[in-house]
Participant: 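Below is one structure. I have some questions about it.
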Amino acid sequence: MAALRYSGLDDTDSEDELPPCWEQRTTKDGWVYYANHTEEKTQWEHPKTGKRKRIAGDLPYGWEQETDENGQVFFVDHINKRTTYLDPRLAFTVDENPTRPTTRQRYDASTTAMEILQGRDFTGKVVVVTGANSGIGFETAKSFALHGAHVILACRNMTRANEAVSRILGEWRKAKVEAMTLDLALLRSVQHFAQAFKAKNVSLHVLVCNAAAFALPWSLTKDGLETTFQVNHLGHFFLVQLLQDVLCCSAPARVVVVSSESHRFTDINDSSGKLDFSRLSPSKSDYWAMLAYNRSKLCNILFSNELHRRLSPRGVTSNAVHPGNMMYSSIHRNWWVYTLLFTLARPFTKSMVQHGCSRSAGISLPSGDSGAQAPSISWFHYLPHLASEAALVVRIKLVEEART
């Protein structure tokens, strides 16, 4: 006993011992939090030390992590045939800085999507990501699926979409992920997707308008509109309009519209400052692929800002986001020159896993943080010299004409 007393092991009132009525729990990705059963509240900080902790290492052999119907994490010991809500790794926790650093301090250009979402639990949340069968759309969808969200991959190519679903399930077999058909170049397909989604009778907490076309030769969709404009902008605009009621009923909810810094190199107004419709869906003689892409991304910014103005009072926020360079995506596939340039630049740019973080950061920020900053992310603000109201009216007219 003297030896134990000398080493301090006889003192049961240790610094890390929890006060009465407190319980220690863990999230799916290893963060420790504390539940007070008397006051029915939870917190990240230890109630005595104020420290934050996370789990170190993998589960012991024979153990598996599960989630019950209430979203609570529990653990199964297959060897001894028992279950417990106590993480067997809690004896090997490591301290984290109790003072949470700012977003700008925490993340940098090498941050991945999984790191952005660490400590966040999206169980019970429904996320739709367009163009999610590859590239940063896939990384974004995967990150949310691995953090408990029910993720729907809205894609044109169902073969590739189902392969993407299998890849996510290969990382976590209990992920809630599925694929649905969505062809943004066909407004009827957008309408069918919205109807099919509503038939599921689920909420919609996050809609990521990610799909895009780049460097396409001039062509018209079956709806009679220039393809880049319809795929990058008008199709998403129509999709949001059709799902607007679901978003509002699911509040707090968020729409993330992917734009680009390249929006700065174009305009959609004529010399008199009025909206020039011919610039949105140009004829073949007036078409330049890069300019069409830039204009579609500018329209996305205007749309996002107007959507936020209209729906934020109803609990739906909207953000336009710049995802960074696209060197590791397949967006360059339509012209060999861009493919060559992208390949040469890849060794000096961020990986695809790192690219996904910008969208993930935007979605995971609290609703009130619509102006916050995160790595590789730009929150575009309203550009007063462009007529968003007029552009909105024109888009509605375009959709109505294309559907008739």
Participant: Relative to the ring of H233, is the ring of F229 parallel (under 30°), tilted (30 to 60°) or perpendicular (over 60°)?
Facilitator: tilted
Participant: Can you find a pair of side-chain heavy atoms, one from L247 and one from V255, that are under 4.5 Å apart?
Facilitator: yes
Participant: Do the side-chain N and O atoms of T227 and S219 include a donor-acceptor pair separated by under 3.5 angstrom?
Facilitator: yes
Participant: Within this structure, what is the CD-CZ distance for the pair Q191 and F238, rounded to the nearest 0.5 Å?
Facilitator: 5.0 Å
Participant: Output yes when a side-chain donor or acceptor of D183 lies under 3.5 Å from a complementary backbone atom of R156, and no otherwise.
Facilitator: no
Participant: Verify salt bridge (charged side-chain N to carboxylate O under 4.0 Å, His left out) between E171 and K142, making sure each step is shown before the conclusion.
Facilitator: CA-CA 9 Å; E171 295 200 29; K142 181 184 73 172; 3.4 Å; yes
Participant: Just wondering, do M180 and M158 contact through their side chains at under 4.5 Å, heavy atoms?
Facilitator: no
Participant: What are the two closest non-hydrogen atoms of L220 and G224, and how far apart are they?
Facilitator: CD2-O, 4.1 Å
Participant: Has N305 got a side-chain atom pairing as donor or acceptor with I301's backbone, closer than 3.5 angstrom?
Facilitator: yes
Participant: Working to the nearest 0.5 angstrom, can you tell me the gap between W63 CH2 and E66 CD?
Facilitator: 12.5 Å
Participant: I'd like to know if the side chain of T130 and the backbone of C209 have a donor-acceptor N/O pair within less than 3.5 Å.
Facilitator: no
Participant: Show the nearest heavy-atom pair for residues F193 and L182, with the distance to one decimal.
Facilitator: CB-CD1, 3.8 Å
Participant: Does H147 use its side chain to pair, donor to acceptor, with the backbone of F122 at less than 3.5 Å?
Facilitator: no
Participant: Measuring from H150:NE2 to S203:OG, what's the distance to the nearest 0.5 Å?
Facilitator: 11.0 Å
Participant: Rounded to the nearest 0.5 Å, how far apart are OG1 of T228 and CE of M290?
Facilitator: 10.5 Å
Participant: Give me the atom names and distance for the closest heavy-atom approach of A292 to Y287.
Facilitator: CB-CE1, 3.5 Å
Participant: Tell me yes or no: between the side chains of S304 and S318, is some donor less than 3.5 Å from an acceptor?
Facilitator: yes
Participant: Can you check whether T221 reaches V231 side chain to side chain, under 4.5 Å on heavy atoms?
Facilitator: no
Participant: So, is the end of the R167 side chain (NZ or CZ) under 6.0 Å from the ring centre of F138 and within 45° of the ring's axis?
Facilitator: yes
Participant: Would you please test W31 and D121 for side chain to side chain contact (heavy atoms under 4.5 Å, CB included) and show each step?
Facilitator: CA-CA 10 Å; W31 287 91; D121 186 359; over 6 Å; no
Participant: Quick check: do F75 and Y85 have side-chain heavy atoms less than 4.5 Å from each other?
Facilitator: no
Participant: With the threshold set at 4.0 Å, does a side-chain nitrogen-carboxylate oxygen contact exist between E64 and K174?
Facilitator: no
Participant: Could you tell me the separation between the CG atom of L153 and the OG1 atom of T181, rounded to the nearest 0.5 Å?
Facilitator: 11.5 Å
Participant: Just verifying a value: how many Å separate T49 OG1 and L18 CG, rounded to the nearest 0.5 Å?
Facilitator: 9.0 Å
Participant: Does R295 pair with E226 as a salt bridge, N-O distance under 4.0 Å?
Facilitator: no
Participant: Please examine the side chains of H192 and V190, heavy atoms only from C-beta on, and report whether any two atoms are closer than 4.5 Å.
Facilitator: no
Participant: Below 4.0 angstrom, N of the basic side chain to O of the carboxylate: do D223 and R188 qualify?
Facilitator: no
Participant: Looking at every heavy atom in both W44 and V32, which two are closest together, and how far apart are they?
Facilitator: CE3-O, 3.5 Å
Participant: Report the C-alpha separation of R25 and D87 in whole Å, then their side-chain angles, then the decisive distance to 0.1 Å, and conclude whether the salt bridge (charged side-chain N to carboxylate O under 4.0 Å, His left out) test is met.
Facilitator: CA-CA 7 Å; R25 297 177 181 174; D87 193 319; over 6 Å; no
Participant: Provide the closest heavy-atom pair for L146 versus I168 in the form atom of the first, atom of the second, distance.
Facilitator: CD2-O, 4.4 Å
Participant: In the structure I gave you, are the side-chain heavy atoms of K198 and L243 within less than 4.5 Å of one another anywhere?
Facilitator: yes
Participant: Work out which heavy atom in N157 is nearest to a heavy atom in R160; give both atom names and the distance.
Facilitator: OD1-N, 3.2 Å
Participant: Under the 3.5 angstrom rule, does the side chain of N80 hit a backbone N or O of R82 as a donor-acceptor pair?
Facilitator: no
Participant: Taking C-beta and beyond as the side chain, do Y34 and K53 meet within less than 4.5 Å on heavy atoms?
Facilitator: yes
Participant: By the definition side-chain contact (heavy atoms from CB on, under 4.5 Å), identify the one residue from V128, V321, I136 that meets it with N210.
Facilitator: I136
Participant: Kindly say whether H37 contributes a backbone atom to a donor-acceptor pair with the side chain of W22 at under 3.5 angstrom?
Facilitator: no
Participant: Checking S259 side chain against K297 main chain: does a donor-acceptor pair fall under 3.5 Å?
Facilitator: yes
Participant: Using only atom types and a distance under 3.5 Å, with no angle test, would you say the side chain of Q230 pairs donor to acceptor with the backbone of A185?
Facilitator: yes
Participant: Go through it in stages, so that I can follow the logic: the residues are T317 and H308, the test is side chain to side chain contact (heavy atoms under 4.5 Å, CB included), and I'd like the CA-CA distance, side-chain angles, deciding distance and then a yes or no.
Facilitator: CA-CA 5 Å; T317 59; H308 183 80; 3.9 Å; yes
Participant: Side chain to side chain contact (heavy atoms under 4.5 Å, CB included), that's the test. Do L239 and Q241 meet it? Break it down for me.
Facilitator: CA-CA 5 Å; L239 178 64; Q241 297 304 305; over 6 Å; no
Participant: Between I152 and V129, is a side chain to side chain contact (heavy atoms under 4.5 Å, CB included) present by the stated rule, with each step listed?
Facilitator: CA-CA 6 Å; I152 296 175; V129 184; over 6 Å; no
Participant: Does any part of the side chain of L298, heavy atoms only, come nearer than 4.5 Å to the side chain of N300, both counted from C-beta?
Facilitator: no
Participant: Using a distance-only test with no angle check, is there a side-chain donor-acceptor pair under 3.5 angstrom linking H46 and Q24?
Facilitator: no
Participant: Ignoring hydrogens and angles, state whether a donor on the side chain of N133 or E163 is under 3.5 Å from an acceptor on the partner side chain.
Facilitator: no
Participant: Would E17 and K48 pass as an ion pair if we require N to O under 4.0 Å?
Facilitator: no
